[in-house]
Amino acid sequence: MSQRPITNVPLLVLALLALGLAAQIALKASAPPPRAHAEDLAPAPSIAALRLASFGDPVALAKALMLYLQAFDYQSGSKVPYRDLDYGRLEAWLARILELDPRGQYPLLAASRLYAEVPVEAKQRSMLEFIYRQFLLDPDRRWPWLAHATAIAKHRLHDLPLALHYAQTIQRYAVADDIPLWAKQMEIFILEDMNELETARLIIGGYLQSGTIRDPAELRFLDERLRQLEVRMAHKKEKK
């Protein structure tokens with residue numbers, strides 16, 4: 001079958017074709033970008049269903065689900081701010097992922113570094129409580145995330161009682177030998193901020209007398225901190 005050269009096509013037809021093509025391009029360019037809605041985050045499946053879907057490799061599935069969850073704010077070329085996510089569903093997903101891989105740290109890293117730092121106080125507090133609950137399930141490995149939650153409570157929320165509660169929880173339940181002293185000393189610093197100087201002094205004194213701290217640098221630090229507290233307490237008494 002022979003093809004007619006384009007020169008044989010009437011100019012009116014070519015003009016209409018060009019006009020239609022231009023209209024299609026303009027329509028495409030003017031169309032709003034596809035929007036993804038935060039409420040589209042589906043409810044987390046049951047742990048039983050996820051274990052069945054893992055085909056005996058729950059850790060691999062946990063990693064895949066974490067990638068899906070973290071990338072959820074990018075859909076069809078659009079972006080959903082973390083603050084617009086349904087945090088109830090988000091926490092359920094994070095909890096399921098941790099159930100699949102209890103030794104995995106990335107879900108709590110995302111919880112503390114991404115989802116707990118959104119500029120919405122109610123959602124910040126919700127995520128901090130999620131981190132707190134998950135910490136209690138494995139304190140000796142999950143303490144860094146509650147330590148970060150303590151910092152958020154103190155510096156972002158300006159909620160010293162909440163920060164103190166988290167710091168005291170770390171001090172009480174995170175007892176492994178490799179947990180740094182600074183993590184356990186957070187309680188002291190917050191007590192100082194709350195002007196609870198006598199309580200902070202007693203805690204430092206307890207550390208020094210317990211014999212559990214053997215590092216010379218840490219002992220010197222605590223001793224200097226104790227002296228500073230005693231000076232502050234003396235000045236406080238003079239003002240009364």
Side-chain angles (χ1 to χ4, degrees), residues 31-45 62-101 104-139 141-171 173-174 180 182-196:
R35 300 189 61 181
H37 300 283
E39 62 267 24
D40 289 342
L41 180 61
K63 294 182 184 301
L65 291 176
M66 194 63 226
L67 289 174
Y68 158 77
L69 188 62
Q70 190 175 346
F72 187 80
D73 62 324
Y74 288 97
Q75 302 175 65
S76 303
S78 61
K79 190 175 190 303
V80 175
Y82 291 131
R83 66 176 180 270
D84 291 340
L85 290 171
D86 182 323
Y87 265 46
R89 292 184 177 184
L90 176 61
E91 290 174 21
W93 276 100
L94 291 170
R96 293 291 187 274
I97 293 169
L98 285 169
E99 287 182 80
L100 288 171
D101 181 16
Q105 298 282 7
Y106 198 74
L108 290 174
L109 183 151
S112 62
R113 299 283 181 169
L114 295 178
Y115 305 125
E117 296 195 357
V118 297
V120 181
E121 182 175 333
K123 291 187 173 182
Q124 283 182 307
R125 290 182 179 275
S126 173
M127 191 55 62
L128 293 186
E129 284 300 297
F130 170 79
I131 295 168
Y132 169 76
R133 294 193 303 272
Q134 293 298 322
F135 161 84
L136 292 174
L137 299 177
D138 192 354
R141 290 194 316 107
R142 296 179 177 177
W143 66 265
W145 318 122
L146 189 58
H148 189 70
T150 303
I152 293 175
K154 177 182 176 181
H155 297 292
R156 297 287 185 88
L157 299 178
H158 305 290
D159 188 338
L160 290 178
L162 180 62
L164 179 63
H165 173 59
Y166 290 159
Q168 289 174 332
T169 303
I170 294 173
Q171 195 280 329
Y173 292 104
W182 67 261
K184 296 187 175 184
Q185 290 176 345
M186 295 177 76
E187 176 185 10
I188 298 171
F189 302 140
I190 297 171
L191 284 169
E192 290 184 40
D193 291 336
M194 298 175 71
N195 210 30
E196 296 287 345

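Note that these values count all heavy atoms, side chains included, but never hydrogens, waters or copies made by symmetry. Worth saying up front: this structure is predicted, and the values here are computed from it rather than measured.
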Review point. Rounded to the nearest 0.5 Å, how far apart are CG of L146 and CD1 of I152?
Key: 10.5 Å
Check your understanding: What is the distance from atom CD of E187 to atom CD1 of I170, rounded to the nearest 0.5 Å?
Key -> 10.0 Å
Practice item. Sequence neighbours left out, what passes side-chain hydrogen bond (donor to acceptor under 3.5 Å, both in side chains) with K154? Give chain and number order. Key: D193
Review point. Does E91 pair with R133 as a salt bridge, N-O distance under 4.0 Å?
Key: yes
Check your understanding: Side-chain contact, heavy-atom cut-off 4.5 Å: Y173 with F135?
Key -> yes
Check your understanding: Hey, are the side chains of M127 and L94 touching, using non-hydrogen atoms and a 4.5 Å cut-off?
Key -> yes
Review point. Roughly how far apart are H155 NE2 and H158 NE2, rounded to 0.5 Å?
Key: 9.5 Å
Check your understanding: Does a sphere of radius 6.0 Å around OH in Y106 hold more than 12 heavy atoms from other residues, nucleotides or ligands, not counting ones at 6.0 Å or beyond?
Key -> no
Exercise for review: Test R113 against E117 for salt bridge (charged side-chain N to carboxylate O under 4.0 Å, His left out), laying out the working first.
Suggested key: CA-CA 6 Å; R113 299 283 181 169; E117 296 195 357; 5.4 Å; no
Review point. Below 4.5 Å, heavy atoms only, C-beta onward: do L108 and F130 meet side chain to side chain?
Key: yes
Exercise for review: Taking atom types as modelled, find out whether Y166 and Q171 have a side-chain donor-acceptor pair closer than 3.5 angstrom.
Suggested key: no
Check your understanding: Would you call L98 and R142 a side-chain contact if the rule is heavy atoms closer than 4.5 Å?
Key -> yes
Review point. Sub-3.5 Å donor-acceptor pair from the side chain of K63 to the main-chain atoms of D101, do we have one?
Key: no
Review point. Can you tell me how far CD1 of I97 sits from OH of Y68, rounded to the nearest 0.5 angstrom?
Key: 10.0 Å
Review point. Hey, does the side chain of W93 reach the backbone of A42 with a donor-acceptor pair shorter than 3.5 angstrom?
Key: yes
Check your understanding: Can you name the side-chain contact (heavy atoms from CB on, under 4.5 Å) partners of A110, sequence neighbours left out?
Key -> M66, L114, Y115
Point to revise | Side chain proximity check, I190 to T150, heavy atoms < 4.5 angstrom | key: yes
Practice item. Kindly say whether A44 contributes a backbone atom to a donor-acceptor pair with the side chain of R96 at under 3.5 angstrom? Key: no
Review point. Quick one: do the W145 and Q134 side chains pair a donor with an acceptor below 3.5 Å?
Key: no
Practice item. Side-chain contact test, heavy atoms from C-beta onward, threshold under 4.5 Å: evaluate it for R125 versus D159 and give yes or no. Key: yes
Practice item. Find out whether S126 and L128 are in side-chain contact, i.e. whether some heavy atom of one side chain is under 4.5 Å from a heavy atom of the other. Key: no
